[in-house]
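Presented below is the structure to which this report refers.
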2 protein chains.
Amino acid sequence: MKIAEVSEKYGISPDTLRYYERIGLLPRVNRSESGVREYTELDLRRVEFIKCMRSAGLPIEVLIDYMQLIEQGDSTIETRKEILIEQRDLLLQRMQQLQKTLDVLNHKIEVYEKIILGKEKQMVQAVVAIEE
Amino acid sequence: MKIAEVSEKYGISPDTLRYYERIGLLPRVNRSESGVREYTELDLRRVEFIKCMRSAGLPIEVLIDYMQLIEQGDSTIETRKEILIEQRDLLLQRMQQLQKTLDVLNHKIEVYEKIILGKEKQMVQAVVAIEE
DNA sequence: TCTTGACTTGGAGTCACCTCCAGGTGATAG
DNA sequence: CTATCACCTGGAGGTGACTCCAAGTCAAGA
């Protein structure tokens, strides 16, 4: 698969794919004789994994470390597991924070709705509660 | 309340608090005669709101717009509600994405655990499944 | 009175993460 | 055969969100 197809398939720009390779996030993709990247199945799985992790905000640095451990073979399995556990725990924390924010947003939206519907009784309170 | 206390209370650096004011995210905080910021209760509630929204990744630009609509009074309530709804929907999408990533991480961690526990039967499969 | 320390301002610097560009190569269509 | 097009490389530029800095002001304590 060539870079444009990969880009299309995963919604990652060719520039970004090349960038990932440059910084060592993706191992060097094989080239055709004329120097054009040819992504293998394995490359695609790596791209998909990176896309997934990045979409949840895992830092590139961490992913580089992780990918390089993979390159180093089975002796790094324990370390890799620890990296993933650490990132999972951070992710859980962030999810809790997003939930809090979601609750606040839902509350505020509800209050706005009340105001708009003109429930006069609640208006004074509501305005005070929301507007600040 | 002075800037250092606010900073302490919310875990936001004084530089960031001043930065927020500069870019119009916080309305101008009143100064003492000698020019020192004195945060009111109202200011604090704004800071807390911003902190909450930022911690979930809402863009500063959106928050600036929202805060400025508040300044403009009740005629902007409908618009404000729409902004919050839009941001809430984006937030929900991001939460779903985080959940997906969490699932992937949990799965991979589990597979690593199996490998480490030396369940030989699964090892070949497992390594293939994880390593890429 | 002098010094210390927290505060002020405007402007510059930093960081993560891309994104764009110039200049060049090679395969394919007209 | 030449023009187009996707690709290549290395390097520069951009964006969002801070973060740091220099130079200055003021209040309070030794």
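Numbers restart at 1 for each chain; the letters A, B, ... are given by sequence-line order, proteins then strands.
We find that A/R46 and A/E71 are joined by a salt bridge, their nearest charged nitrogen and carboxylate oxygen being less than 4.0 Å apart.
Nucleic acid contact for B/R31: sugar-phosphate only, since backbone atoms but no base atoms lie under 4.0 Å from a heavy atom of the residue. Looking at heavy-atom distances under 4.0 Å, A/P59 makes contact with sugar-phosphate atoms alone, never a base. Using a 4.0 Å heavy-atom cutoff across all strands shown, A/I3 reaches sugar-phosphate atoms only and no base atom.
The B/R37 side chain lies nearest to C/dT8 when the options are D/dA6, C/dC7, C/dT8. Of the listed nucleotides (C/dC7, D/dC20, C/dC18), D/dC20 has the atom at the smallest distance from the side chain of B/D15. Nearest nucleotide to the A/K2 side chain, out of C/dA27, D/dC7, C/dC17: D/dC7. When each of C/dT19, C/dG10, C/dC7 is scored by its nearest atom to the side-chain atoms of B/R22, the top-ranked nucleotide is C/dG10. Relative to the side chain of A/I60, the nucleotides C/dC17, D/dT19, D/dC8 differ in distance, and C/dC17 lies closest.
Between A/F49 and A/Y66, the ring center distance clears the sub-6.0 Å criterion.
With hydrogens and angles ignored, no donor-acceptor pair under 3.5 angstrom links the side chain of A/R18 to the base of D/dG10. No N or O donor and acceptor, one from the side chain of B/R54 and one from the base of D/dG16, sit under 3.5 Å apart.
Looking at which nucleotide of DNA chain D each of B/L58 and B/G35 is closest to, the 5′-most match is held by B/L58.
Atom C1' of nucleotide D/dC20 and atom CG of B/L17 are separated by 15 Å, given to the nearest angstrom. Atom CD1 of A/I50 is separated from atom C1' of C/dC17 by 14 Å (rounded to the nearest Å). For B/I64 and D/dA17, the CD1 to P distance is 9 Å, given to the nearest whole Å. For A/L25 and C/dA16, the CG to P distance is 14 Å, given to the nearest whole Å.
The side chain of A/T16 places an N or O atom within less than 4.0 Å of a non-bridging phosphate oxygen (OP1 or OP2) of C/dT19. Side-chain nitrogen and oxygen atoms of A/Y20 include at least one within less than 4.0 Å of the OP1 or OP2 phosphate oxygen of C/dC18.
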Step by step, would you call B/R37 with B/E21 a salt bridge (charged side-chain N to carboxylate O under 4.0 Å, His left out)? CA-CA 11 Å; B/R37 285 174 183 78; B/E21 201 178 323; 2.7 Å; yes
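Taking the side chain as every heavy atom from C-beta outward, B/L92 and A/L102 approach each other to under 4.5 Å.
For the residue pair B/E110 / B/N106, no side-chain donor-acceptor distance below 3.5 Å is found, with atom types taken as modelled.
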